[in-house]
Amino acid sequence: MSHYPNLLRPLDLGHTVLKNRVLMGSMHTNLEERGDWNRVAEFYATRARGGVGLMVTGGIAPNPEGGVFPGAGGLYSDKDMAHHRMVTDRVHEAGGKIAMQILHAGRYAYGPDCVSASAVKSPISPFPPKELDEEGIEKQIADIAATAGRAKEAGYDGVEIMGSEGYFLNQFLVTHTNKRTDRWGGSYENRMRLPIEVVRRVRETVGKDFIVIFRLSMIDLIPNGSTFDEVVQLAQEVEKAGASIINTGIGWHEARVPTIATSVPRRAFAWVTQKLMGKVSIPVITSNRINTPEVAEQVLAEGCADMVSMARPFLADPDFVAKAEAGRGDLIAPCIACNQACLDHTFQGKVSSCLVNPKAAFETEIVVEKAQTVKTVAIVGAGPAGLSTAITAAERGHKVTVFDRAGEIGGQLNMAKQVPGKEEFWGLVDWFRAMVAELEIEVRLDTTATAEMLEGFDEVVIATGVTPRDPQIPGQDHAKVLSYIDVLRHKAPVGDRVAVIGAGGIGFDVSEFLVTGESPTENLPDWMREWGVTDPAENRSGLAPEGPQPEPAIREVTLLQRKAEKPGKRLGKTTGWIHRASLQMKKVQMKAGVNYERIDDEGLHISFGEARERPEVIVCDNVILCAGQLSERSLADALEAKGVACHVIGGADVAAELDAKRAIDQGVRLAAGL
Ligand code: NAP
Ligand code: SF4
């Protein structure tokens with residue numbers, strides 16, 4: 001009996017059968033634009049080998065004006081055809097199936113030639129779109145249909161027509177962006193004419209035995225979006241027009257509601273997809289924040305959908321399905337929904353990868369093979385850098401011993417997991433623990449490693465992490481002063497009024513911890529209220545008319561930094577706004593450009609600017625120091641002094657801008673070469 005009977009059940013589409021109910025959702029890796037198609041092919045083939053039922057590629061532009069950015073990958077020339085052939089051949093050899101996503105960005109296209117229903121500029125792009133005329137609309141339809149035809153010729157098993165997330169087809173559907181008065185605008189029948197016509201023409205072009213997925217926005221989360229009746233009507237028309245599957249899209253990119261970040265509860269939107277079940281006869285796929293086989297199974301068992309789409313989880317672990325089939329869900333590297341190495345990279349024009357799995361999209365570069373010579377490897381530090389080195393080294397057959405002076409593995413991850421909205425870090429630590437056990441890595445906890453203890457090992461890796469920076473503020477030895485470690489690790493009691501020194505990642509995390517009572521991430525109705533999300537059947541677009549209704553903060557927090565820039569400016573590109581909005585909702589005061597004058601019984605005394613003007617006292621019960629970190633190198637220095645060779649990685653190597661992404665990447669790369 002399978003552990004996940006619903007998830008692993010085949011799905012018969014008539015002309016073809018998908019081996020399970022798992023779709024790898026579309027992700028833009030930026031690999032196509034780099035021109036290394038062997039690497040693109042290997043990225044998808046690796047995931048096909050891992051057993052996923054069907055994959056969807058990153059968005060491929062139907063024409064230059066519809067590309068997400070100038071030069072976005074398309075399928076125009078014979079050369080493009082040969083490249084895509086490499087992908088489909090390699091996936092088929094690996095026993096997989098793959099559909100190509102056709103993505104017309106409309107007004108989200110980051111270029112001056114962008115087009116849309118009306119000339120309404122998007123708040124997330126500087127380029128106002130040109131309003132298409134009748135001929136222009138026909139050209140877009142023809143280009144999309146022709147691209148579908150070429151996808152079939154290139155060997156794809158299907159296409160996904162991107163109709164959600166606020167892209168081109170979505171822009172015609174709603175009055176927010178469609179101000180037309182001709183046959184493409186006005187009534188809903190007119191506004192949905194374009195997506196339906198696109199599906200009809202695509203089906204006409206590709207013929208009967210070809211998968212056509214339509215990705216449909218079930219809840220727009222923008223003003224003047226669709227009602228749920230309109231969603232159902234569109235789904236039914238899309239089915240009639242020839243779609244084989246309906247996939248779920250949640251929220252436009254410009255929505256001010258988080259939809260995939262780690263603070264979004266797991267399976268937060270499966271209930272929206274469920275509302276469509278029974279209204280169409282083709283399979284319906286649900287998505288967003290589903291990252292374990294247990295959650296996916298539950299969603300299907302409850303009848304929320306016929307199939308589950310997971311995208312980022314396949315960056316974290318390409319063998320997700322194979323491990324689920326083997327009943328080893330505990331060995332699946334979890335996607336923690338941080339966006340740090342995937343979406344943040346995409347938006348920075350870098351190749352997307354994964355914080356948890358740096359091999360993602362680097363399959364041809366980071367190759368982990370059995371070692372020629374088995375070595376003994378000592379690793380000091382059981383944080384992300386040390387553990388990822390240990391796991392990769394052990395996978396290669398080395399005999400690994402890990403030392404840590406703490407009583408548990410995980411290092412700084414154990415602090416991150418205490419922060420409301422970062423509960424996924426529990427799963428990451430659990431995964432490290434499962435892998436350590438599986439690979440029989442020896443772990444010596446409560447052990448302060450010394451140079452003597454490390455003698456005799458073939459390789460020594462120092463991953464001792466960081467120590468808090470001493471900000472040297474007069475009065476910082478006052479009893480009311482605590483460090484982030486006291487608060488997050490040792491759960492020191494904290495008063496009602498707090499000043500947080502340092503507005504970096506940790507200052508934001510500590511503030512979140514201090515103002516939040518029950519984590520809304522653990523309670524979907526609370527989270528929906530907090531962000532103003534409601535049933536789209538009751539309120540158009542799924543936005544609550546009363547707006548966000550956050551729980552009041554449980555403490556008064558002032559978050560400070562010396563730099564004059566906006567606090568939180570350097571947080572993650574796709575998640576920083578969520579952290580800032582979340583603290584603003586809790587009325588956290590943010591002060592930039594401050595000097596810390598002193599701390600005393602009254603509180604924290606500050607002034608502003610070089611001239612130390614506008615002296616002010618922040619009356620508070622506690623001051624929490626989150627002033628950055630320095631490398632913990634004492635052991636590395638002791639070894640070097642003795643002439644013992646060692647590898648220094650993670651925070652012990654460079655503390656500035658350290659995060660788990662760099663730590664894990666460095667660890668895996670080092671171990672791949674040991
Ligand atoms: P950080 O991001 O470098 O922030 C350090 C903060 O301390 C800054 O606000 C800095 O601002 C302040 N500071 C620096 N020197 C100071 C001094 N001498 N006196 C007073 N204040 C001082 O470091 P962090 O917050 O410790 O975080 C460490 C790493 O973990 C970061 O790289 C971060 O990316 C990562 N992290 C990420 C997340 C995430 O959500 N992605 C969460 C937590 C941590 P001023 O110099 O302007 O005062
Ligand atoms: Fe998931 Fe973070 Fe990896 Fe992206 S980088 S796939 S969000 S764990």
Side-chain angles (χ1 to χ4, degrees), residues 25 27 29 260-264 289 291 310-318 320 333-346 352-361 384 412-413 415-419 421-422 424-425 427-428 431 465-473 476 483-485 488 500-513 559-576 578-580 582 590-596 604 606 623-630 650-651 654-665:
M27 287 177 285
T29 59
I260 59 166
T262 191
S263 58
V264 176
R289 289 293 282 118
N291 66 341
M310 292 176 269
R312 297 170 299 170
F314 283 95
L315 293 178
D317 199 329
F320 186 104
C335 165
I336 55 170
C338 64
N339 285 356
Q340 281 173 251
C342 52
L343 265 188
D344 284 353
H345 279 201
T346 309
S352 299
S353 186
C354 176
L355 174 142
V356 172
N357 173 27
K359 289 177 293 202
Q412 301 240 53
L413 300 177
M415 285 192 278
K417 74 189 189 189
Q418 304 298 337
V419 177
K422 294 204 161 178
E424 289 293 350
F425 281 88
L428 182 53
W431 174 74
V466 289
T467 49
R469 174 188 281 127
D470 175 0
Q472 301 189 335
I473 299 168
Q476 68 179 27
S483 80
Y484 62 89
I485 300 174
L488 293 178
V500 175
I501 289 184
I506 292 181
F508 265 76
D509 275 0
V510 166
S511 301
E512 190 89 48
F513 177 84
L559 177 60
L560 306 108
Q561 71 179 23
R562 298 171 309 168
K563 287 187 282 298
E565 69 189 30
K566 190 162 116 189
K569 192 177 162 216
R570 294 161 201 239
L571 297 175
K573 192 144 178 77
T574 60
T575 51
I578 303 170
H579 296 300
R580 288 190 295 271
S582 176
M590 298 197 195
K591 291 183 190 286
V594 308
N595 307 301
Y596 303 112
L604 172 65
I606 58 169
V623 176
I624 323 273
L625 302 179
C626 306
Q629 304 172 322
L630 301 174
V654 181
E657 288 171 21
L658 166 73
D659 57 15
K661 179 179 80 170
R662 173 155 64 80
I664 293 175
D665 183 74

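Atoms within each ligand, like the ligands themselves, are counted from 1 in listed order. Values in this document were obtained by computation on a predicted structure and should not be read as measured data.
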Check this for me - ligand 1, [X], N or O atoms closer than 3.5 angstrom, yes or no?
| X | value |
| --- | --- |
| Ile506 | yes |
| Arg562 | yes |
| Gly504 | yes |
| Gln561 | no |
| Arg469 | yes |

(request) Please step through side-chain hydrogen bond (donor to acceptor under 3.5 Å, both in side chains) for the pair Thr575 and Asn339, ending with a clear verdict. (result) CA-CA 7 Å; Thr575 51; Asn339 285 356; 5.9 Å; no

Taking heavy atoms and a distance under 4.0 Å, where does [X] meet ligand 1: side chain, backbone, both or neither?
| X | result |
| --- | --- |
| Tyr596 | side chain |
| Gln340 | side chain |
| Cys626 | backbone |

(request) Give me the ring orientation class for Phe314 and Phe320: parallel if the planes are under 30° apart, tilted from 30 to 60°, perpendicular past 60°. (result)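 If you compare the ring of Phe314 with that of Phe320, the planes turn out tilted.
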
(message) In the structure I gave you, are the side-chain heavy atoms of Arg312 and Leu343 within less than 4.5 Å of one another anywhere?
(response)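 No, too far: nothing below the 4.5 Å cut-off.
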
(message) Going by a strict under-4.0 Å cutoff (protein heavy atoms only), does atom 3 (O) of ligand 1 have a neighbour on the protein?
(response)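 It does not; no protein heavy atom is within 4.0 Å.
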
Please list the nearest protein heavy atom to [atom] with its residue and the distance rounded to 0.1 Å.
| atom | value |
| --- | --- |
| atom 39 (C) of ligand 1 | Lys422 NZ, 3.6 Å |
| atom 36 (N) of ligand 1 | Gly505 CA, 4.1 Å |
| atom 19 (N) of ligand 1 | Pro471 CB, 3.4 Å |
| atom 23 (O) of ligand 1 | Gly628 CA, 3.9 Å |
| atom 45 (P) of ligand 1 | Lys563 NZ, 3.4 Å |
| atom 35 (C) of ligand 1 | Leu658 O, 3.4 Å |
| atom 13 (N) of ligand 1 | Ala627 O, 3.6 Å |
| atom 3 (Fe) of ligand 2 | Cys354 SG, 2.4 Å |

Using heavy atoms and a 4.0 Å limit, tell me yes or no: is [X] in contact with ligand 1?
| X | value |
| --- | --- |
| Tyr484 | no |
| Glu565 | no |
| Gly572 | no |

(request) Go through Asn357 and Leu315 one step at a time and tell me if the side-chain contact (heavy atoms from CB on, under 4.5 Å) criterion holds. (result) CA-CA 7 Å; Asn357 173 27; Leu315 293 178; 6.0 Å; no

(message) Once you restrict to heavy atoms under 4.0 Å, what part of Cys342 touches ligand 2? Side chain, backbone, both or neither.
(response)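 For Cys342, the contact with ligand 2 is made by both the backbone and the side chain.
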
(request) Could you tell me whether Lys573 atom NZ has more than 12 heavy atoms of other residues or ligands within 6.0 Å of it? (result)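 Result for NZ/Lys573: open.
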
Give the numbers and elements of all ligand 2 atoms closer than 4.0 Å to a heavy atom of [X].
| X | answer |
| --- | --- |
| Ile336 | 1 (Fe), 8 (S) |
| Leu355 | 3 (Fe), 5 (S) |
| Ala337 | 1 (Fe), 7 (S) |

(message) Give the atom numbers and elements of ligand 1 that come within less than 4.0 Å of a heavy atom of Gln629.
(response)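 Counting from 1, the qualifying ligand atoms are 26 (O), 28 (C).
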
(message) Within ligand 1, which atoms have a heavy atom of Ala503 less than 4.0 Å away?
(response)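 Every atom of ligand 1 under 4.0 Å from some heavy atom of Ala503: 9 (O).
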
(message) Quick check: closest heavy atoms across Ser582 and Glu512, and the distance to 0.1 Å?
(response)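 Scanning both residues, the minimum pair turns out to be OG-OE2, 2.8 Å.
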
